[in-house]
Amino acid sequence: MYRLMVSPLLCIPSCLRNQNQNMIAIMSMDIPAFFETSGTFERRVPAGAYLFHQNSKVENLFLVTAGEIQLVRHQTGGAALVLQRAFPDAVVAEASAFAAIYHCDAIVRSDATVRGISKRRFLDLFRTDPKLSEAWAARLAREVQTTRLRSEILALRTVAERLDAWLAWHGTLPPKGEWHQIARQIAVSPEALYREIAKRHKSKSQFLA
């Protein structure tokens, strides 16, 4: 792991991070357990595959139990924006339960296992089970907070500011091989991100010399 100095650019990330942790604690016993009930199914999806495609009909909902799946929207200019990184116990595109079609691609980044339930069965249970509807509403609220935070990051003008905000949210950089994923999340080119990280490492080295 790499640790870089972060400027006190935003107070929003730490605030939302604390709220997110509290909400995860509330929900963790509900939604994953729900996907273990009768009527659900398991599917293994290899890295590089698509769990579903943009504009395809929403027929199932999926909980990640292993691996990583990213929700990606491809813009008209060809750029790709990561809207969600779904790790174990995360539902991929929660709001799709109330949509006719998917608005993004779900791309498997590392070999993944998911548990699924048909949208029809989910909605039947959602309408009759208050505990499920409350847990789902809480999860959607957390996603709204995350989306607002991501919007704050994308509104920043420079690569340095966006990286500062990302680090304030996540804490540390992942291994170098995953830096290109950060570039997609903050909507900058990988080259621009690498230059900014290299500049910080150089500055840190000079400071310690």
Side-chain angles (χ1 to χ4, degrees), residues 1-25 47-48 51 54 64 67-95 103-112 139-209:
M1 291 289 185
Y2 293 80
R3 294 187 179 273
L4 298 181
M5 295 180 65
V6 181
S7 66
L9 180 65
L10 295 176
C11 67
I12 297 175
S14 60
C15 299
L16 287 184
R17 185 168 62 249
N18 292 337
Q19 294 177 14
N20 288 347
Q21 290 171 347
N22 292 337
M23 296 184 75
I24 290 171
L51 181 62
Q54 184 175 340
V64 179
E68 178 188 356
I69 298 176
Q70 291 186 0
L71 205 61
V72 179
R73 177 170 294 175
H74 292 89
Q75 300 172 318
T76 54
L81 181 62
V82 177
L83 299 182
Q84 180 189 19
R85 298 183 67 194
F87 295 101
D89 288 346
V91 179
V92 184
E94 294 99 327
H103 298 287
C104 300
D105 292 319
I107 304 174
V108 181
R109 290 303 175 192
S110 60
D111 291 346
R139 188 166 284 241
L140 289 177
R142 179 169 61 89
E143 286 305 309
V144 169
Q145 292 177 333
T146 301
T147 300
R148 287 176 176 171
L149 175 54
R150 187 174 289 111
S151 296
E152 291 288 337
I153 291 177
L154 297 182
L156 298 172
R157 298 181 61 184
T158 68
V159 176
E161 289 175 336
R162 292 187 183 190
L163 180 57
D164 277 342
W166 190 95
L167 288 169
W169 185 9
H170 294 277
T172 60
L173 285 173
K176 187 175 181 179
E178 299 178 22
W179 288 358
H180 67 286
Q181 298 296 338
I182 300 176
R184 298 183 71 175
Q185 291 175 50
I186 65 176
V188 301
S189 70
E191 294 77 14
L193 178 64
Y194 299 159
R195 285 195 298 270
E196 177 60 30
I197 293 174
K199 182 171 66 176
R200 296 185 185 206
H201 280 305
K202 182 178 180 180
S203 175
K204 183 178 180 181
S205 298
Q206 292 175 344
F207 178 76
L208 294 175

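Atom set for the values below is all heavy atoms of this structure, side chains included, hydrogens, waters and symmetry mates excluded.
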Novice: Is it true that Arg200 and Glu196 make a salt bridge, defined as a side-chain N closer than 4.0 Å to a carboxylate O?
Specialist: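 The answer is yes: the pair qualifies as a salt bridge.
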Novice: Within the distance-only criterion (no hydrogens, no angle test), does the side chain of Arg162 pair as donor or acceptor with the backbone N or O of Leu193 below 3.5 angstrom?
Specialist: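 No; judged by distance alone, with no hydrogens or angles, the pair does not exist.
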Novice: Measure across Gln84 and Val91 and return the closest heavy-atom pair with its distance rounded to 0.1 Å.
Specialist: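 Scanning both residues completely, I find the closest heavy atoms to be NE2-O, 2.8 Å.
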Novice: State which residue, out of Val188, Leu173, Leu156, fulfils the side-chain contact (heavy atoms from CB on, under 4.5 Å) condition with Leu163.
Specialist: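 When Val188, Leu173, Leu156 are each tested with Leu163, the side-chain contact (heavy atoms from CB on, under 4.5 Å) holds only for Leu173.
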Novice: CD1 of Ile182 to OH of Tyr194: how many Å apart, nearest 0.5 Å?
Specialist: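 Those atoms lie 9.0 Å apart.
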Novice: Could you report the tightest heavy-atom contact between Ala165 and Ile153, atom names first, then the distance?
Specialist: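 For Ala165 and Ile153, the tightest heavy-atom pair comes out as CB-CG1, 3.6 Å.
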Novice: Between Glu152 and Arg148, is any pair of side-chain heavy atoms under 4.5 Å apart?
Specialist: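 No; the side chains remain at least 4.5 Å from each other.
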Novice: Of all the heavy-atom pairs spanning Ala95 and Leu140, show the shortest one and how long it is.
Specialist: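 Heavy atoms of Ala95 and Leu140 come nearest at N-CD2, 3.8 Å.
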Novice: Considering only residues two or more places apart or on different chains, which pairs with a residue in residues 67-84 satisfy salt bridge (charged side-chain N to carboxylate O under 4.0 Å, His left out)?
Specialist: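 Listed by first then second residue: Glu68-Arg85.
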Novice: Are the side chain of Arg150 and the backbone of Leu83 linked by a donor-acceptor contact shorter than 3.5 Å?
Specialist: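 Such a contact is found between Arg150 side chain and Leu83 backbone.
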Novice: Which atoms form the tightest heavy-atom contact between Asp89 and Arg139, and what is the distance?
Specialist: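 The pair with the smallest heavy-atom distance is O-NH1, 2.9 Å.
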Novice: With heavy-atom distances below 4.5 Å as the criterion, would you say the side chains of His201 and Ile197 are in contact?
Specialist: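 Yes, at least one pair of side-chain atoms sits under 4.5 Å.
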Novice: I need the minimum non-hydrogen distance between Trp179 and Pro174, along with the two atoms involved.
Specialist: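 Closest pair (atom of Trp179, atom of Pro174, distance): NE1-O, 3.0 Å.
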Novice: Where is the tightest heavy-atom contact between Leu167 and Thr172, given as atom of each residue plus distance?
Specialist: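 Closest approach of Leu167 to Thr172: CD2-C, 3.9 Å.
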Novice: Any chance you could measure Gln70, atom CD, to Leu51, atom CG, to the nearest 0.5 Å?
Specialist: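 So the CD of Gln70 and the CG of Leu51 are separated by 13.0 Å.
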